Amino acid sequence: MTLIRTPADETEARAVQDDLRTRVVLDEPGPPPGAGLVTGVDVAYDDERGVVVAAAVVLDAATLDVVEETTASGRVAFPYVPGLLAFREIPTVLAALESLEHGPGLVVCDGYGLAHPRRFGLASHLGVLTGLPVIGVAKNPFTFAYDPPGGSRGDASPLVADDGAVVGRALRTQDGVKPVFVSVGHRVSLDNACAHTLALSPDFRIPESTRRADALCRRALREATAG
DNA sequence: GCGACAG
DNA sequence: ATCTTGTCGC
């Protein structure tokens, strides 16, 4: 089990991000879509009881069949603060990933990578700590701006920060349905991240990896919390 | 100063 | 994230 010290406060957390961001690798294309393994990770909370449960679900990228599932639970160690989400999620997510028997391949998480106030969101953070290729697929545009992409599956438009930097892409994964917001985490190109996201979303807006992980951590939280 | 803000 | 019924549709 890897020990990750939780920052004492928000100032320290931001300093950790500013330090770790120098280790993000952005010049690798990453694994090609449609082959190998893809692992979805997600987290569910019971803030009343201070319990957090993470799930990791390994899929065969070609068939989207489930290859392996794991779960890990812990105590909530950091509050939700916009821009500091990773400190809340990462300890338990790491535990879930480490309990997998398979190598995870590409990791897909809920939230952002580069699309972050300090360019170091959850997907980047998880990538730097594990060395794995990681992308972020978020359901909301956070503070970023975008022009609506075309209405068809596969249409996309740039996700732009205040300073004009392109930090990700709004990607339509289903015809006529609100786009998802893809950004690079670590060791994957944006084009490849979007190709993976599309390949993982044949039937629904949200990638199959995330849907499976979401369902699993919710179920595990209910069971851990029951009684 | 105030509000908005991934999950 | 989470609290939540019925309801529309394949």
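Convention: sequence-line order gives letters A, B, ...; per-chain numbering from 1. Note that the structure is a prediction, hence the values are computed from the model and not measured. Computed from heavy atoms alone, side chains included, the values below leave out hydrogens, waters and symmetry copies.
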Going by an N to O cut-off under 4.0 Å, is there a salt bridge joining A/E12 and A/R5?
yes
Give the rounded distance in Å between these two atoms: CG of A/L221 and C1' of C/dC3.
14 Å
Round to the nearest Å and state the distance from A/D203 atom CG to C/dC10 atom C1'.
12 Å
Check the orientation of A/F78 and A/F87. Use parallel for under 30°, tilted for 30 to 60°, and perpendicular for over 60°.
tilted
Would A/R49 and A/D46 pass as an ion pair if we require N to O under 4.0 Å?
yes
Does atom CG (A/D147) have a neighbourhood of more than 12 heavy atoms from anything else shown, all under 6.0 Å?
no
In B/S/- notation, 5' to 3', how is nucleotides 2-7 of chain B contacted by protein heavy atoms closer than 4.0 Å?
---BBB
Kindly determine whether A/R118 and A/Q17 satisfy side chain to side chain donor-acceptor pair (under 3.5 Å), including the steps that lead there.
CA-CA 7 Å; A/R118 284 167 297 285; A/Q17 291 180 329; 2.8 Å; yes
